[in-house]
**Q** 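Take this structure first; my questions come after.
Convention: sequence-line order gives letters A, B, ...; per-chain numbering from 1. FYI, side chains are in, hydrogens and waters are out, and symmetry mates aren't considered; it's all heavy atoms of this structure.
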Amino acid sequence: MRDDPADAEAVNHKLLVRGGFIRQLMAGSWSLLPLGMKVADKVSNIIREEMNSIGGQEFLLPVVHPGEIWKKSGRWDDVEGILVKFKDRRDTDLILAMTHEEVFTLLATEMSSYRDLPQMWYHLQTKFRDEARPKSGLLRVREFVMKDSYTFDIDEAGLDVQFERHREAYTQIFSRFGLETIPVEASSGVMGGNESVEFMVRAESGEDLIAVCDSCHYAANIERAKSAVETIVDEQSDQQPQRFATPGIRTIKALAEVGEFASAQRQIKSLVYIIDGRLTLVLLRGDHELQEQKLADGTGGQDLRPANEDEIVGALGAHPGSLGAVGVDLPTIVDPALNGRTNMVTGANEDDWHLRGVDVARDITVGEWLDVRTVQSGDPCPNCDGTLTLDNTIEIGHIFKLGTRFSESLGAFVLDGDGNERPIVMGSYGIGVGRSMAAVAEAYYDESGLKWPVSLAPYEVVITVIRPNDEESKMAGERLYEDLGGMGIDVILDDRDERPGVKFKDAELIGIPYRLTVGPRGLENGIVEVLERGSGEASELAIDQAAEEIAGRVMAAR
RNA sequence: CGGGCAGUAGCGCAGCUUGGUAGCGCGCUUCGUUCGGGACGAAGAGGUCGGGGGUUCAAAUCCCCCCUGCCCGACCA
């Protein structure tokens, strides 16, 4: 294809489609073409090598599962929405696997002794998640192949070891992909594990924000990131809160314009949430944003949503824009950035009125201090004196300490050395194959097309025969092809009867790392030309040494 | 699920306002001339105009319903 597909926005989408790697079937669903298949295979094989090297054993589990085991694990109801459920001819509930904890755990029930542990099992298998909004080519899809591994240990200490092994293997895998990953603390979400680390790659099209410290190693997903609070010294006020009229003012911004005393930093933002059915006030500094995931994680709330207007008016007697917590007897969660603040401004729970002179400690009944604010770029690091910045990233791997949720619900117990029955302690670890391809595409490209690293390139070398009708050129090209192939190099011969420019453009679009140009002009002098796609560097090699020299370079770069 | 944009040949697009039976570029086929960075000429092939219904003598074009894709948001193991 000469043109980018019109409906593509993301780089990986444009170039992978244009270069003939993938084709779309429907939203979030892609076919791999032969070129895409070759890259996917290389991704998979690198993952296999590294998984095997840390003691992983490869399996292959089914994609369609009985609904029953998902009911047992509790996920049948937990993940409503993206989990696809259907029935077979016998009216049995079935699901399409979105991951494979249940089935692997079921297999683990065969083990009965701590002597069978530890285990590390993995497979590369299709997952289906009915995402609300697939997008950005292969970055966010509904059907995809994932390497997922699962570890089984007698105790937390064992889990820690396997978790660390995965962390190292993942770093190694991604570095072989040519990607620099940032491991970040992440929220475990519905999984409820106690620790999880995501591997993030910086990319403009990434949809995950992470906070990274510029001086220490602190890095965390925005859903979890913390920041230190800069000290703010307020003017003291001995006065009780005073009402003042604020007709028509409904936003922090509008209120801030009333005067310096009401600047956003000096306002208390009052949000109303329904957490597991309980109406709860959440207070933040005016210029801070709530991080809903932190609220969910911090409260352990399963079902959490903003209150609607009726609920708010019913509970507080005013509409959003005039809300406050002074004198209110409701569960109240307060962000620590408000700790010790005095002389603040907040809503009076009466439309068009606010309060000033509010002293948090004196005037507000704090139910719980909980860090629930969203970290902003420029915030101080929670660990050191550094400053946090926010980066757009792609999540290409995620590792979880699962604990015993699945082993307990599905009955995977073993006897320990003292003869006591104990639930197996589990971990689960995932890498998306297609997403890895997309992330690499997003990282390595230019205006001419893709620039695959040698490790993932569909072909390592392309031999471009300028004039395939010229017998000498043709023979030289074929000879090189045979020689390189014989040395185990992944090589393709472009002897199509096309004009040279067409073949050059195609090689660049597809992103093959080395191009050997064979033409009459070079052959006269006994040379072939070498073009490195990555650097754009051109050089010449004697024809009879070219194969060996290039093979050497390729192998060094693998 | 809410908001926006779009669906016409394999790809990129025009035509729609003002109804008259579909066009351009690239690609494709054949022949010729070419041949070191997306060649040129000539002759061709290729279309249920996303689907259904309606209005009309007549619908790509007007009206109604639906489907699909992309982007933003909500959502997100």
**Q** Please name the nucleotide paired to B:A22 by Watson-Crick or G-U wobble geometry with both distances under 3.5 Å, or report none.
**A**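 The answer is none; no pair meets the criterion.
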**Q** What's the closest nucleotide to the A:Val502 side chain, out of B:A39, B:A74, B:G36?
**A**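 Shortest atom-to-atom distance from the side chain points to B:A39.
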**Q** Rounding to an integer number of angstrom, what distance separates B:U68 and B:C62 when you compare their P atoms?
**A**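 Taking atom P in both B:U68 and B:C62, they lie 23 Å apart.
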**Q** So that I can tick it off, tell me whether A:Arg140 and A:Glu131 are bridged by a salt bridge, with the cut-off set at under 4.0 angstrom between side-chain N and carboxylate O.
**A**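 Yes.
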**Q** Identify whether any heavy atom of A:Ala132 sits under 4.0 Å from a base atom; if not, whether one sits that close to sugar-phosphate; answer base, sugar-phosphate or nothing.
**A**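 It contacts base atoms.
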**Q** Given the C1' atoms of B:U17 and B:A39, what is the spacing between them in whole Å?
**A**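 The answer is 41 Å between these two C1' atoms.
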**Q** For A:Lys14 and B:C70, give me the distance from atom NZ to atom C1', rounded to whole Å.
**A**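 These atoms are roughly 12 Å apart.
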**Q** Checking contacts here: which listed nucleotide (B:C70, B:A74, B:G37) is nearest the side-chain heavy atoms of A:Leu531?
**A**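 Between B:C70, B:A74, B:G37, the one nearest the side chain of A:Leu531 would be B:G37.
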**Q** Let's test this: given Watson-Crick or G-U wobble pairing with both distances under 3.5 Å, identify the partner of B:A60.
**A**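 Pair assignment: B:A60 / none.
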**Q** What does A:Pro520 touch in the nucleic acid at a heavy-atom separation under 4.0 angstrom: a base, only the sugar-phosphate, or nothing?
**A**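 Counting heavy atoms under 4.0 Å across all strands, the contact made by A:Pro520 includes a base.
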**Q** On RNA chain B, does the nearest nucleotide to A:Asp3 precede the nearest nucleotide to A:Glu9 from the 5' side, or the other way round? Give the residue.
**A**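 Closer to the 5' end of RNA chain B: A:Asp3.
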**Q** On a whole-Å scale, what distance lies between the C1' atoms belonging to B:G54 and B:C1?
**A**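 Taking atom C1' in both B:G54 and B:C1, they lie 30 Å apart.
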**Q** For the side chain of A:Glu508 and the base of B:G37, is some donor closer than 3.5 Å to an acceptor across the two?
**A**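 Counting by modelled atom types and ignoring angles, a donor-acceptor contact under 3.5 Å is found here.
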**Q** So what's B:A45 paired with, Watson-Crick or G-U wobble, going by both distances under 3.5 Å?
**A**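 By the stated definition (distances under 3.5 Å), nothing pairs with B:A45.
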**Q** Of all the choices, B:C71, B:C35, B:C76, which nucleotide is nearest to the side chain of A:Glu131 once you look at every atom?
**A**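 For A:Glu131, the side-chain atoms sit closest to B:C76.
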**Q** Considering only atom C1', compute the distance from B:U61 to B:G23 and round it to an integer number of Å.
**A**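 Approximately 15 Å lies between the C1' atom of B:U61 and that of B:G23.
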**Q** For residues A:Val502 and A:Lys505, determine if any side-chain heavy atom of one lies less than 4.5 Å from a side-chain heavy atom of the other.
**A**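 Not touching, per the 4.5 Å side-chain cut-off.
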**Q** Looking at A:Lys135, I'd like to know whether one of its side-chain N or O atoms comes within less than 4.0 Å of OP1 or OP2 on B:C72.
**A**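 Checking A:Lys135 against B:C72: at least one side-chain N or O falls below 4.0 Å of OP1 or OP2.
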**Q** According to a strict under-4.0 Å criterion, is A:Gln24 in side-chain N/O contact with OP1 or OP2 of B:U68?
**A**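 Answer is no, no contact under 4.0 Å.
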**Q** Under 4.0 Å, counting only non-hydrogen atoms across every strand here, what does A:Gly522 touch: a base, just sugar-phosphate, or nothing?
**A**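 Contact class for A:Gly522: base.
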**Q** Looking only at atom C1', what distance separates B:C76 and B:U29, rounded to whole Å?
**A**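 B:C76 and B:U29 have their C1' atoms separated by 49 Å.
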**Q** Check this for me, if you would: do A:Glu102 and A:Arg75 make a salt bridge, where the nitrogen-to-carboxylate-oxygen distance has to be below 4.0 angstrom?
**A**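 Yes.
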**Q** Surrounding CD of A:Glu164 (heavy atoms of other residues, nucleotides or ligands, distance under 6.0 Å), is the total greater than 12?
**A**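 More than 12 heavy atoms, drawn from other residues, nucleotides or ligands, come within 6.0 Å of this atom.
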**Q** Report the nucleotide, chosen from B:C70, B:C35, B:G38, that has the shortest atom-to-atom distance to any side-chain atom of A:Asp506.
**A**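 Selected nucleotide (nearest to the side chain): B:G38.
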**Q** Separation of A:Leu33 atom CG from B:G10 atom P, in whole Å?
**A**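 Distance check: A:Leu33 CG to B:G10 P gives 17 Å.
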**Q** Between B:G27 and B:C70, how far apart are the P atoms? Round to whole Å, please.
**A**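 Each nucleotide's P atom is 28 Å from the other's.
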**Q** Is the shortest distance from a Lys or Arg side-chain nitrogen in A:Lys474 or A:Asp470 to a carboxylate oxygen in the other one below 4.0 Å?
**A**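 Salt bridge between A:Lys474 and A:Asp470, a charged N being under 4.0 Å from a carboxylate O: no.
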**Q** Rounded to whole Å, how long is the line connecting atom CG of A:Asp7 with atom P of B:C11?
**A**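 My rounded result for the distance is 10 Å.
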**Q** For A:Arg140 and B:C70, give me the distance from atom CZ to atom C1', rounded to whole Å.
**A**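 About 14 Å, once rounded to whole Å.
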**Q** B:G27 pairs with which nucleotide, Watson-Crick or G-U wobble, both distances below 3.5 Å?
**A**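 In the structure as shown, B:G27 has no Watson-Crick or wobble partner.
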**Q** Taking the side chain as every heavy atom from C-beta outward, state whether A:Leu15 and A:Leu509 have any pair of such atoms under 4.5 Å apart.
**A**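 Of all side-chain heavy-atom pairs linking A:Leu509 with A:Leu15, at least one is under 4.5 Å.
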**Q** What integer number of Å spans the C1' atoms of B:C26 and B:A9?
**A**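 After rounding to an integer number of Å, I get 12 Å for this pair.
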**Q** Nearest nucleotide by nearest heavy atom, which residue falls closer to the 5' end of RNA chain B, A:Asp4 or A:Ile82?
**A**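 Upstream on the strand: A:Asp4.
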**Q** When you measure from the side chain of A:Ala27, which nucleotide among B:A74, B:C11, B:G69 comes out closest?
**A**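 In terms of side-chain proximity for A:Ala27, the closest of B:A74, B:C11, B:G69 is B:G69.
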**Q** Could you walk me through whether A:Ile54 and A:Glu168 pass side-chain contact (heavy atoms from CB on, under 4.5 Å), step by step?
**A** CA-CA 9 Å; A:Ile54 58 169; A:Glu168 285 162 27; over 6 Å; no
**Q** Does B:C16 pair with anything, Watson-Crick or G-U wobble, both distances under 3.5 Å, and if so, with which nucleotide?
**A**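 B:C16 is paired with nothing.
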**Q** Atom CG of A:Leu83 and atom P of B:C76: how far apart are they, to the nearest Å?
**A**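 Going from A:Leu83 (CG) to B:C76 (P), I get 15 Å.
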**Q** Tell me the interatomic distance from A:Arg467, atom CZ, to B:G37, atom P, rounded to whole angstroms.
**A**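 Checked: the CZ to P distance equals 12 Å.
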**Q** Tell me the partner of B:A6, counting only Watson-Crick (N1-N3 plus N6-O4 or O6-N4) or G-U wobble (N1-O2 and O6-N3) with both under 3.5 Å; none if nothing fits.
**A**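 Across all strands, the one nucleotide that pairs with B:A6 is B:U68.
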**Q** Which nucleotide in the list B:G69, B:C71, B:A39 gets nearest to the side chain of A:Ser136?
**A**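 Nearest listed nucleotide: B:C71.
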**Q** Please confirm whether the shortest side-chain N or O distance from A:Arg499 to OP1 or OP2 of B:G36 is below 4.0 Å.
**A**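 Looking at the OP1 and OP2 atoms of B:G36, neither is under 4.0 Å from any side-chain N or O of A:Arg499.
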**Q** Establish whether the base of B:G37 is bridged to the side chain of A:Arg515 by a donor-acceptor pair shorter than 3.5 Å.
**A**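 When only heavy-atom distances are counted, A:Arg515 does reach the base of B:G37 through a donor-acceptor pair under 3.5 Å.
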**Q** Over how many whole Å does the gap from A:Glu207 atom CD to B:A74 atom C1' extend?
**A**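 A:Glu207 atom CD is separated from B:A74 atom C1' by 13 Å.
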**Q** OP1 or OP2 of B:C11 sitting under 4.0 Å from any side-chain N/O of A:Arg2?
**A**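 Checking B:C11 against A:Arg2, no side-chain N or O comes under 4.0 Å of OP1 or OP2.
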**Q** Under 3.5 Å for both donor-acceptor distances, Watson-Crick or wobble: does B:U34 have a partner, and if so which one?
**A**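 B:U34 is paired with nothing.
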**Q** Which whole number of Å gives the distance between the C1' atom of B:G47 and that of B:C28?
**A**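 Each nucleotide's C1' atom is 15 Å from the other's.
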**Q** Distance check, rounded to the nearest 0.5 Å: A:Arg405 atom CZ versus A:Ser428 atom OG?
**A**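 Reported to 0.5 Å precision, the distance equals 11.0 Å.
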**Q** In whole angstrom, what separates A:Leu25's CG from B:G69's P?
**A**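 Distance check: A:Leu25 CG to B:G69 P gives 10 Å.
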